Amino acid sequence: MISTLLSRLQGGADGAPVPRLGFGADYNPEQWPREVWEEDVRLMREAGVNIVSVGIFSWARLQPEPDVWDFAWLDDVMDLLHRHGVGVDLATATASPPPWLTTAHPEILPVTDRGETLWPGARQHWRPTSPVFREHALRLVREMATRYAGHPALVAWHVNNELGCHNAHDFSDDAARAFRDWLRTRYTTLDALNHAWGTAFWSQRYSDWEQVLPPRLAASHPNPTQQLDFKRFSSDALKDYLRAEREVLRELTPDVPVTTNFMVMPGTKGMNYADWADEVDFVANDHYVVPSGRERDELSFSANLTSGIAGGRPWFLMEHSTSAVNWQPVNLAKRPGELARDSLTHVAHGADAVCFFQWRQSAAGAEKYHSAMVPHAGADSDLFRAVTALGDTLKVLAPVAGSEREPAEVGILFDWESWWASEQDSHPTSLLDYHREALDWYSALLALGVRADVVTTGADLGRHRIVIAPVLHLVPAELAKDLTRYAEQGGHLVTTYFSGVVDENDHIWLGGYPGALRDLLGIRVEEFGPLPAGQSVELDDTSTGTLWTDHITVTAPGTEVLAHYATGPHAGRPAVTRRAAGSGSAAYVSTRLGAEGLAALLPRLLEPAGVSSELPAAVRGSVEATVRRGPGGRFLFLVNRTDGSVTVPGLTGDVLVGATGDDGAVVLGPRDVAVLRTSTT
Ligand code: GLA
Ligand code: GLA
C-alpha cells in the first residue's frame, strides 16, 4: 500500500518520475498568516518536499462550535499544496479535543491511577474508551472524509496522532467498564479470571465482574496479572479506537491508504505495535534521538524494529527532528551531517519516506524551541541548506523506493509481552531494562559488523540461522514449542537470564528456571542471583557480568559450558552454556555482559551457525551495513558510525550516494552514508 501512496506523489517541483521516496513534514499552516503559506510552498519546492501531514491539531479551527464547521482555510491549503506538487497525508484532526468539547463533556478526560484528572490545556486529553469522545471524534472524521474524498492532494489518511503518546493508560470509570468487557472476552468466566490472576493470593477472589477494576493506586503492589492484562487491554483499547476511525475512512474513501504514526522508541512501550501492524495500510513511525551515549545504535535499532513490525516491507518515517527537540532536560542541536545520516539510516532500514516534525518552526506554543525544516532564522540558514541537500539525495535514491529488507542471518527477537512482564514490580531486581538488553546485543553485532534483523514474536524464525532472544521472560507453551522446533530443525537459539520464567498469565513455570526452556537449554536454575547496582562478577573468559547471575546446574549430557563464573557466589559454576539440540543448538547467557562483553562472546555463539561479518575486516564496527532489495535492484547502505573518515575497499556496484577514492574504494566522511546499487535485479 505504500507504493499506492508513493505513486500518487507528483514528484515535487521537478516532476521526477514515480515512484520515489517521500520527503516532507507535519505542516501546521493554521499557526501562520496567509502570506506565509505562499512562501511555504515556494520553499517546499526548493527543498524537494513532496508530502506533508496537515490538520493534526486543527480540530478547534475546523469545528469552532458543536455545529459550526470551517473548512474554507483547509480547502485553500489543500488546493495550494496540490498546485505545487505536494501530496497530503491528511490527519483526521482528532488528536486534541477543542475546549468547547471538554467543557461540555469533562467525562472524556483521562484519569491517572491516583485518580487525578488530566485537564485540557495540552493535547491528547481524551479517554480511549470514552463513548462520548468517540461519537464526537468520529463525527469529525466523517466530515473530513466526506469533504476531502476525491481531492487530488489527498494521498493518505493519518489517524489521530501518536495514539497513546500521552493517554496510553487511563484508569477512569469508562476504562474500568471497558476493561471488564475485555476481560469477559478473554476469560469468559470469573473462575477463569480468578485462576489467571492467581486471586487465591492476598484474598483477591472476585465473586462478581463489577468488583474488577483497573490497577489503580493500591496499598501495596497490585496483582501482577491484573497489571499485565491492563497493559494488554490499554494497547487494545487504542487499537480499537484506531480501527473505529479507519472504518469510517474506508467506508468513504476506500482507495486512500490509512496509517497512524507509531512511536517505536525505548520510552513508549504502552502500545504493542507488533500487534497493531495489520491494522494500518502501511506502517509509519516517529523517532527522536535521546542522548544516551548509544543514541546512534538506538536509532538504528528502532528503524530495524520498525521494519520488523512492517514484516520487512517498506515503511514511512512520519516524524523525526532536523535538529534539537524541546522536551529533554537539555536539547542538543544536531551536528553537521547528523540530519542526513539519521534520515538515511531510517531509509537504510526500509523507510520509503523521510518526514520531520515540523515544516516551519513555531513562533508560539510549547514547541517553539523544537527544530523544524524552516527554522526561526528562515531559509537563509545552514539548517535549511542541509534540508535541501537531503531532498536532493532522496531524489537520487528514488530507485530504492519499494524495496524490502534482504533478510539477515541473525534475528533479534523483540517481544512486547516480555517487555511488559519482565519490568513489572516485585521482581528479583528493579534494575532490569528489557529494551536496553536487546540494544546491548544489537550494539555488539554492530561492533562486529554483523547484520541483524530485529523481528517480533510470530515472525518466521526459520529465515535466520541464529535467533537471539534476550530476556524472553514470558513464554507461553506454544512459543516454547516453536523455539524448540526452531533449534531442532537446525536453528541456533541464544537466550539469557530471566527468560522462560513465566507463562502468559505471569505464573511461574515450576520445577526450576527457566521452566519453559529448561529442557531445550539442558540446564536448571534453583535460585536467581541478581547483583546490586555497582557490583559485578568475573567470568573465566575475562568478561565481567553485572545485574544478574544464576546458580546453574547442567542437566543434559550434551550441554557445553562456554564460560564459568570466576568470582562471586557461583564461582566455578557455569555462566554461559550451549546445548546441541537436534541439528541446531540452544545457548544461555546468565549474566549481563553489556555490549562490549557480548561483542567478545558473540563470535563463539555465531560460529556454529556459520555467521560472520560481510564487511572487510578493517571497517567492522566503524560502518553499519544494511541491504534492501526490490524492483529497482539490490542496494547496499553503508553508514559511518564514527566521527572520522572511513574507507571501505573491495565493493562493487554503482555508487548512488557517496564518494569513491582513486582505487574505487568507497570513502565515507565523518557521519556519512553511502548507497551502492550492487545489482539491478
Ligand atoms: C510482611 C507480610 C507478609 C509478606 C512479607 C514479605 O511480613 O506480613 O505477608 O508480604 O511481608 O516480605
Ligand atoms: C511528537 C508529536 C509531534 C511533536 C513532536 C515533538 O512526535 O507527534 O506533534 O510534538 O513529538 O518532538
Side-chain angles (χ1 to χ4, degrees), residues 24-31 52-61 89-97 121-126 158-168 198-204 218-224 238 242 259-268 270-271 273 283-291 295 298-299 302-303 306 315-334 339 342-343 346 351 353-362 364-375 425-428 430:
D26 288 7
Y27 181 40
N28 299 305
E30 66 270 37
Q31 296 177 15
V52 290
S53 291
V54 179
I56 295 175
F57 298 108
S58 301
W59 191 345
R61 178 79 188 261
D89 166 52
L90 187 58
T92 54
T94 55
S96 192
R123 60 176 179 185
Q124 296 290 25
H125 39 278
W126 54 278
H158 181 116
V159 168
N160 198 274
N161 190 62
E162 292 190 338
L163 286 164
C165 182
H166 310 300
N167 57 352
T199 56
F201 182 82
W202 278 358
S203 180
Q204 292 172 350
S220 178
H221 310 291
N223 180 303
L238 285 160
L242 160 62
T259 195
T260 190
N261 40 351
F262 295 173
M263 297 168 280
V264 178
M265 283 181 271
T268 45
M271 285 64 64
Y273 293 128
V283 166
N285 194 44
D286 294 353
H287 183 269
Y288 290 92
V289 175
V290 179
E295 59 272 12
E298 189 280 313
L299 186 158
S302 165
T306 304
W315 52 278
F316 197 110
L317 178 64
M318 193 63 85
E319 290 179 25
H320 68 150
S321 68
T322 57
S323 192
V325 299
N326 65 300
W327 41 263
Q328 286 168 31
V330 178
N331 295 294
L332 303 181
K334 289 195 179 179
L339 182 157
D342 292 355
S343 297
H346 288 289
V354 171
C355 293
F356 295 95
F357 174 82
Q358 62 177 326
W359 166 251
R360 185 180 282 279
Q361 188 169 12
S362 298
E367 296 185 319
K368 60 184 175 294
Y369 295 114
H370 194 296
S371 60
M373 293 173 90
V374 182
D425 59 60
S426 324
H427 276 193
S430 58

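Because the structure is predicted, anything quoted here is derived from the model rather than measured. Every number for a ligand or one of its atoms is a count from 1 in the order of the listing.
In this view, Glu30 and Asn28, Ser58, Arg61, Trp73 satisfy the side-chain contact (heavy atoms from CB on, under 4.5 Å) rule, not counting sequence neighbours. Every residue two or more places apart in sequence or in another chain that forms a salt bridge (charged side-chain N to carboxylate O under 4.0 Å, His left out) with Asp342 is listed here: Lys334. Residues that satisfy the side-chain hydrogen bond (donor to acceptor under 3.5 Å, both in side chains) test with Glu295, not counting sequence neighbours, are absent from this structure.
Ring planes of Trp359 and Tyr27: perpendicular class, angle over 60° (limits at 30 and 60°). Using cut-offs of 30° and 60° for the angle between ring planes, the Trp315 and His346 rings count as perpendicular.
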Open item on the list: For a side chain to side chain donor-acceptor pair (under 3.5 Å) check, start with the C-alpha distance between Asn161 and Gln124, then their side-chain angles and the critical distance, and finish with the verdict.
Closed with: CA-CA 9 Å; Asn161 190 62; Gln124 296 290 25; over 6 Å; no
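Within 4.0 Å of ligand 2, protein heavy atoms come from Phe57, Arg123, Asn161, Glu162, Asp286, Tyr288, Glu319, Trp327, Phe357, Glu367, His370.
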